[in-house]
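Each remark here refers to the structure printed beneath this line.
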Amino acid sequence: MAKGKKVPEKILRQVPFCPGCGHGIIVRLMMECIEELGYNDNVLIGKPVGCASLLDNALAVDTFTGAHGRNGASMTTIKRLKPDMLVVSYQGDGDAYNIGFSETMNAAYRNEKFTVITINNGNFGMTGGQMAWTSMPGQVTATSVNGRNVELSGMPIRVPEMIASSFDTAYVARGSLFTPAEIKKTKSYIKKAMQAQIDGVGHSLVEVLSPCPTNWGLTPLASMERIVNELVPYFPLGEIKNKGGK
Amino acid sequence: MSKVIVSKDKCKQCGYCVKHCPKQAISFSADFNSSGFKYAVVDDSKCIACGMCYTTCPDGVFEITE
Amino acid sequence: MGDMVKGNIAMGEAAIRAGMHIYCGYPITPSSEVMEYLSWRAQEAGRQFIQAANEGEAMYMVYGAASIGSRVLTASSGLGISLKQEGVTYMAAADYPAVMINVCRYGDGLGSLESGQTDYKRETRGGGNGDYRNIVLSPSTVQEAVDLVYLAFDLSEKYRNIVVILTEGALGQMMEDCDYPPMKEVPYYDWAFDGKYTHGPYPSQMAVDLHAKGIKNNEKRAAITENEQRWEAVGVEDAEYVLFAYGIPGRVVLGIVDELRKKGEKVGIIRPISLWPFPQKAFDSINKNVKGFISVETADSGQMLEDVALYAKKKGFGNVPCYFISSPPGVPKSKFVLENFEAIKAGKVKEVF
């Protein structure tokens with residue numbers, strides 16, 4: 001019963017993410033979904049500023065170089081002018097929830113019919129592991145060296161829940177990567193999110209809790225353990241909203 | 001008969017495949033690959049080509065043939 | 001004779017006729033009528049319109065729209081254009097075209113609602129980080145505004161460069177006769193993203209050799225400088241004094257020069273229509289014995305004056321004194337400009353350069 005499995009051909013090269021970084025898995029899931037949905041030749045991916053900038057020249061699909069956090073705005077016009085194209089905004093949590101909070105929320109508010117995948121690794125990876133709005137209470141980062149003080153900086157932000165509860169969008173889910181089963185669930189969320197776009201139901205967003213071993217100062221396996229023990233209790237996994245197809 | 005092909009130079013030694021292999025068929029090499037990592041080695045006698053290594057690998061090290 | 005149309009509305013209609021596919025903007029006085037008009041007119045013409053959450057978001061929408069090869073317009077004023085600058089420099093890095101109308105209001109910060117020319121420096125120097133320049137065109141009548149907006153989309157595409165229409169509150173708000181050019185339907189540009197990866201990894205900003213790209217950009221800027229200088233000149237061949245003024249002050253000074261020349265005074269005007277590239281070729285017909293250059297601007301400090309002095313030097317007029325007449329917010333009064341001109345002639349005013 002074994003089926004062949006091969007990295008999608010649209011991934012041209014290995015991306016130089018750190019050992020154990022979740023980006024590599026999520027990018028592969030995204031490209032698998034695009035391939036399986038038959039959109040290899042009718043797709044545009046919005047690339048953010050952050051670690052995913054390393055995707056430069058890595059994908060053999062049209063890849064838009066977004067400005068810091070602003071892909072919510074840029075994907076809006078692309079999707080409106082090219083409604084038949086699959087438009088996917090691939091963003092880190094710093095990009096989508098900090099600097100691009102306004103653009104991310106406004107696109108969801110308008111129910112723009114594109115798909116957002118956010119990689120939540122609880123810090124600004126590319127710039128050296130500074131505190132993000134997703135950093136956990138007490139988390140040591142480059143800008144919270146004594147641990148995040150939520151009295152001064154607020155509690156970690158849960159954007160998927162905010163969007164699901166406030167805006168009339170099509171699909172919101174949160175997945176993770178700590179077991180093969182979780183990876184498969186995350187893939188199913190990404191695929192459903194893209195399907196919601198293809199069906200014209202509305203805006204879709206999938207957040208993925210992803211390890212950042214380098215900046216967390218943990219081994220890859222210990223990073224996955226941290227996700228299970230510390231992050232999942234605060235960032236619950238599963239579908240948060242599913243309006244269903246047409 | 002399915003088989004696992006390992007691109008050893010892509011491996012970054014994260015260990016996800018080693019942990020999640022249901023048959024404990026994967027271990028790290030004694031030597032280093034071109035990037036300086038000890039890379040994943042599959043014991044073909046134990047491997048059932050289930051694809052868990054492909055699923056968990058962030059770096060596209062594994063390919064499962066048909 | 002065409003219809004009497006308000007400048008802002010006329011520019012909106014000109015964009016529709018030039019084949020604009022989408023407008024993205026955020027309201028701000030005194031530019032708002034551009035988007036108010038397009039909010040219904042775009043739909044009527046089968047085009048798109050989107051009201052963004054702020055000016056910055058509007059510019060990133062422009063960035064996205066340009067990436068797939070559409071003709072895209074945004075309009076704003078003063079500080080609103082400041083908010084757009086991050087998007088503008090990203091678009092410059094990607095060589096994306098777009099047209100941006102600045103219906104300028106006077107002043108720093110919030111500024112005032114009165115007409116002004118205080119954004120000259122930002123528009124002609126680029127405005128954001130990096131080395132790029134926007135093509136900047138400035139009309140002095142509603143008809144010219146229509147013609148320049150219509151032209152701007154073509155220039156923007158030709159050079160893959162943002163074109164700024166720098167006009168003033170007074171022009172945006174006033175009504176004049178104007179004739180519209182014919183309606184164009186333009187397909188999306190074929191160099192752009194089509195979802196099929198037709199053009200490969202473009203634009204790939206982090207991976208490119210930025211210096212090599214910069215050298216190529218210099219060639220583009222040289223071509224624009226050579227080909228796209230636009231100006232109107234009157235009486236410069238025998239002028240003792242040449243006044244420089246663009247936009248609304250340009251037309252005021254044209255009237256003054258006309259009057260003075262009828263009285264026999266040897267005075268001329270250069271009215272730049274392209275502000276970048278600055279019309280340095282206009283210096284070629286100026287009287288070699290000219291006694292002074294005078295920049296008249298609705299601004300506190302001489303912004304265009306610096307360009308006048310720079311190109312005077314380049315064109316062999318390095319010893320000619322350059323004076324500044326600072327006209328207060330609003331439309332310059334002829335009497336005010338004349339009095340200042342007389343003071344300069346009488347040697348009562350020190351030159352700036």
Side-chain angles (χ1 to χ4, degrees), chain A residues 9-10 12-13 34 39-47 49-89 99-110 112 114 126, chain C residues 20-24 26 42 47-74 83-96 98 128-129 188 192-208:
Chain A
E9 61 179 30
K10 290 287 186 178
L12 293 175
R13 64 172 171 85
I34 290 167
Y39 274 81
N40 263 357
D41 291 315
N42 192 16
V43 64
L44 182 142
I45 292 172
K47 180 166 69 72
V49 171
C51 290
S53 297
L54 298 169
L55 284 171
D56 248 2
N57 300 341
L59 306 176
V61 296
D62 282 345
T63 307
F64 177 85
T65 300
H68 243 161
R70 319 302 188 191
N71 273 345
S74 300
M75 299 301 107
T76 290
T77 38
I78 291 172
K79 184 63 185 178
R80 286 196 185 197
L81 290 164
K82 293 265 197 186
D84 298 329
M85 188 189 270
L86 184 65
V87 175
V88 182
S89 186
I99 192 167
F101 185 66
S102 171
E103 285 75 12
T104 301
M105 296 308 268
N106 276 300
Y109 164 75
R110 293 188 304 264
E112 300 292 347
F114 62 85
M126 177 62 111
Chain C
M20 178 203 85
H21 296 106
I22 187 165
Y23 176 91
C24 317
Y26 184 83
R47 317 293 175 73
Q48 294 201 42
F49 166 89
I50 180 161
Q51 178 167 338
N54 56 59
E55 288 91 344
E57 190 189 31
M59 201 65 207
Y60 311 119
M61 288 174 174
V62 170
Y63 182 29
S67 77
I68 54 161
S70 68
R71 288 199 156 187
V72 53
L73 175 74
T74 188
L83 273 167
K84 293 178 186 290
Q85 293 304 323
E86 184 197 40
V88 170
T89 184
Y90 264 92
M91 291 188 63
D95 295 317
Y96 283 160
N129 57 300
Y188 293 163
F193 289 141
D194 57 2
K196 298 175 176 46
Y197 198 57
T198 304
H199 306 289
Y202 177 86
S204 176
Q205 297 185 5
M206 286 187 79
V208 295

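A, B, ... follow the sequence lines: proteins, then strands. Residue 1 opens every chain. Given the structure is predicted, the values throughout are model-derived calculations rather than measurements.
Here C/Asp194 pairs with C/Thr198 under the side chain to side chain donor-acceptor pair (under 3.5 Å) rule; sequence neighbours left out.
Under the 30°/60° scheme for interplanar angles, the aromatic rings of C/Tyr96 and C/Tyr63 are found to be tilted.
Within the 4.5 Å cutoff, the side chain of C/Met59 has heavy atoms near those of the C/Thr74 side chain. Within the 4.5 Å cutoff, no side-chain heavy atoms of A/Lys79 are placed close to those of A/Glu112.
With chain C as partner, the option from A/Lys82, A/Met85, A/His68 having the largest number of non-hydrogen pairs under 4.5 angstrom is A/Lys82. Of the residues considered (A/Val87, A/Ile45, A/Thr77, A/Asp62), A/Asp62 shows the highest number of contacts with chain C, using heavy-atom pairs under 4.5 Å. Per-residue heavy-atom pair counts under 4.5 Å with chain C were compared for A/Asn42, A/Val61, A/Leu44, and the maximum is reached by A/Val61. Considering only heavy-atom pairs separated by less than 4.5 Å from chain A, the leading option among C/Ser70, C/Gly56, C/Ser67 is C/Ser67. Ranked by non-hydrogen atom pairs under 4.5 Å with chain C, the options A/Ile78, A/Leu81, A/Leu86 are led by A/Leu81.
A distance-only check finds a donor-acceptor pair linking the side chain of A/Asn71 to the backbone of A/Lys47 [under 3.5 Å]. Counting only distance, with no hydrogens or angles, the side chain of A/Ser53 and the backbone of A/Gly50 share a donor-acceptor pair below 3.5 Å.
For C/Tyr26, the OH atom counts as loosely surrounded, since its 6.0 Å shell holds 12 or fewer non-hydrogen atoms of other residues, nucleotides or ligands.
Against chain C, the residues from residues 102-109 of chain A that qualify, each with a non-hydrogen atom under 4.5 angstrom away, are A/Ser102, A/Glu103, A/Asn106 in number order.
Checked for salt-bridge contact, A/Asp41 and A/Lys10 meet the test: a charged N lies under 4.0 Å from a carboxylate O.
The contact between C/Glu57 and chain A is made by backbone and side chain atoms together, counting heavy-atom distances below 4.5 Å. A/Arg110 touches chain C through its side chain: at least one heavy atom from C-beta onward sits under 4.5 Å away, while N, CA, C and O do not. For chain C, the nearby part of A/Asn40 is the backbone; its heavy atoms alone come within less than 4.5 Å. Within the 4.5 angstrom heavy-atom criterion, only backbone atoms of A/Leu59 (N, CA, C, O) approach chain C.
Ring centroids of C/Tyr90 and C/Tyr60 are separated by 6.0 Å or more, keeping the two rings apart.
Of the inter-residue distances, the one linking C/Leu73 atom CG with C/Arg47 atom CZ reads 11.5 Å to the nearest 0.5 angstrom.
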